[in-house]
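Here is the structure we will look at, set down as structure tokens.
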2 protein chains.
Amino acid sequence: MNYSIKSRIWIESNGKVLLGHGRIELLKAIDQYGSLSKAAKALQLSYKKAWQLVDAVNKSAKQPVTINSIGGKNGGGMQLTDYGKNLIKIFETINENCWAFLDEQLKKIKTF
Amino acid sequence: MNYSIKSRIWIESNGKVLLGHGRIELLKAIDQYGSLSKAAKALQLSYKKAWQLVDAVNKSAKQPVTINSIGGKNGGGMQLTDYGKNLIKIFETINENCWAFLDEQLKKIKTF
DNA sequence: AATCGTTATGTTTTTACAAATATAACGATT
DNA sequence: AATCGTTATATTTGTAAAAACATAACGATT
């Protein structure tokens with residue numbers, strides 16, 4: 001039995017993607033760096049692509065996920081809201097539970 | 001709460017994709033029509049793409065998933081082996097269980 | 001008002017992938 | 001041996017997504 005089972009989950013809001021693996025990684029990097037441009041660089045993502053992703057998340061979410069500031073002493077920055085941090089937590093918990101569930105399902109299959 | 005949770009699962013064999021949603025749909029269509037070309041047409045898939053998918057499945061699976069015949073009275077055809085039919089059953093069962101599990105997980109979240 | 005590093009956005013170029021096209025191989029049937 | 005509808009495979013073309021490039025807007029600081 002060299003077969004293994006993998007999965008990707010995502011959360012939708014009104015039929016549109018709210019959060020998937022890539023967006024979660026981006027939000028975590030924003031939280032880490034306090035800057036979208038730095039987060040994009042760390043993930044080897046173009047700034048524009050990263051901005052579009054964050055914009056899409058904020059437009060689909062029920063509450064803002066980031067706080068964006070332009071200009072100022074360090075040019076500005078981007079932080080996560082508490083709501084955003086909570087979304088990450090929920091997503092990752094469900095994702096890990098899903099992995100465990102699938103591994104268990106595979107174990108139940110005797111032969112193939 | 002208009003959030004919903006979706007998923008895609010796939011089975012890997014030695015680190016390579018064996019079966020995912022698209023391949024399962026294709027195998028089911030082959031089973032239905034007894035022909036790869038007809039199955040491809042039904043799924044609005046180019047014959048070549050369909051053939052490559054089936055070829056990849058057969059190369060990754062531990063046992064052949066299809067029986068292919070070339071030439072003959074009706075030009076040939078493609079059937080599923082019992083092993084192939086069994087793989088479909090297993091995949092779909094686990095997939096449905098996964099959906100139910102994720103819906104349940106989402107219900108557990110009180111507010112967001 | 002000049003500078004700085006950031007967010008925000010438009011425009012162009014590249015690239016990866018899908019689709020389309022073409023053709024060979026096959027074997028039962030006639 | 002000619003035909004037929006299929007599987008098998010190579011080559012070309014098209015297209016949509018990604019990347020690259022460019023520039024505007026912003027506001028605290030100097």
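Proteins get letters first, then strands, A, B, ... in listed order; numbering begins at 1 in each. The figures that follow rest on heavy atoms only: side chains count, while hydrogens, waters and symmetry mates do not.
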Next item on the list: Whole angstrom is fine here: how far is it from NZ in A/Lys41 over to C1' in C/dT6?
Entry: 11 Å
Margin query: How close do A/Val57 and A/Arg23 get, counting heavy atoms only, and between which atoms?
Written below: CG2-CD, 3.7 Å
Note to self: Do A/Phe101 and B/Ile109 land in one hydrophobic cluster if side-chain heavy atoms of ILVMFWY residues count as linked below 4.5 Å?
What the structure shows: yes
Next item on the list: Sequence neighbours left out, what passes side-chain hydrogen bond (donor to acceptor under 3.5 Å, both in side chains) with A/Ser60? Give chain and number order.
Entry: none
Using a cutoff of under 3.5 Å, can you pull out all pairs of nitrogen or oxygen atoms linking the protein to nucleotides 28-30 of chain C, with atom names and distances?
unit_1 : atom_1 : unit_2  : atom_2 : d
C/dA28 : O4'    : B/Lys73 : N      : 3.4

Next item on the list: Round to the nearest Å and state the distance from B/Ile67 atom CD1 to D/dT6 atom P.
Entry: 18 Å
Next item on the list: Enumerate the residue pairs fulfilling salt bridge (Lys or Arg N to Asp or Glu O under 4.0 Å) with a member in residues 69-88 of chain B, sequence neighbours excluded, ordered by first and then second residue.
Entry: none
Checklist line | Between P of D/dT7 and CD of B/Gln52, the distance in whole Å | finding: 15 Å
Check: In terms of the nearest nucleotide of DNA chain C, which residue is placed more toward the 5' end: B/Gly75 or A/Asn74?
Finding: A/Asn74
Item checked: Pairing annotation in dot-bracket form, given for DNA chain D with Watson-Crick or G-U pairs under 3.5 Å and | for cross-strand partners -> ||||||||||||||||||||||||||||||
Next item on the list: Mind checking side-chain hydrogen bond (donor to acceptor under 3.5 Å, both in side chains) for A/Tyr33 and listing every partner two or more places apart, or none if nothing turns up?
Entry: none
Notebook entry, point to check: How would you list, by chain and number, every residue that makes a side-chain hydrogen bond (donor to acceptor under 3.5 Å, both in side chains) with B/Thr66, sequence neighbours excluded?
Noted result: B/Asn58, B/Asn68
List every contact pair, protein side and nucleotides 8-19 of chain C side both N or O, where the distance is under 3.5 Å.
unit_1 : atom_1 : unit_2  : atom_2 : d
C/dA8  : OP1    : A/Asn68 : ND2    : 3.3
C/dA8  : OP2    : A/Trp51 : NE1    : 2.6
C/dA8  : OP2    : A/Asn68 : ND2    : 3.4
C/dA8  : O5'    : A/Trp51 : NE1    : 3.3
C/dG10 : N7     : A/Lys48 : NZ     : 2.9
C/dT11 : O4     : A/Lys48 : NZ     : 3.0

Throw together a table of side-chain donor-acceptor distances under 3.5 angstrom for residues 39-56 of chain A, partners on residues two or more places apart or in other chains.
unit_1  : atom_1 : unit_2  : atom_2 : d
A/Ser46 : OG     : A/Lys49 : N      : 3.1
A/Asp55 : OD2    : A/Lys59 : NZ     : 2.9

Notebook entry, point to check: Hydrophobic cluster mates of A/Val17, side-chain heavy atoms under 4.5 angstrom, ILVMFWY only, any path?
Noted result: A/Trp10
Notebook entry, point to check: So which pairs with a foot in residues 8-22 of chain A pass salt bridge (Lys or Arg N to Asp or Glu O under 4.0 Å), sequence neighbours left out?
Noted result: A/Glu12-B/Lys6
Item checked: Whole-Å distance separating the CG atom of B/Leu53 from the P atom of D/dT7 -> 14 Å
Item checked: side-chain contact (heavy atoms from CB on, under 4.5 Å) involving B/Thr93 - partner list, sequence neighbours excluded -> B/Asn97
Next item on the list: Kindly write out the residues that satisfy ring-ring contact (aromatic ring centres under 6.0 Å, His included) with A/Phe91, not counting sequence neighbours, or none if the list is empty.
Entry: none
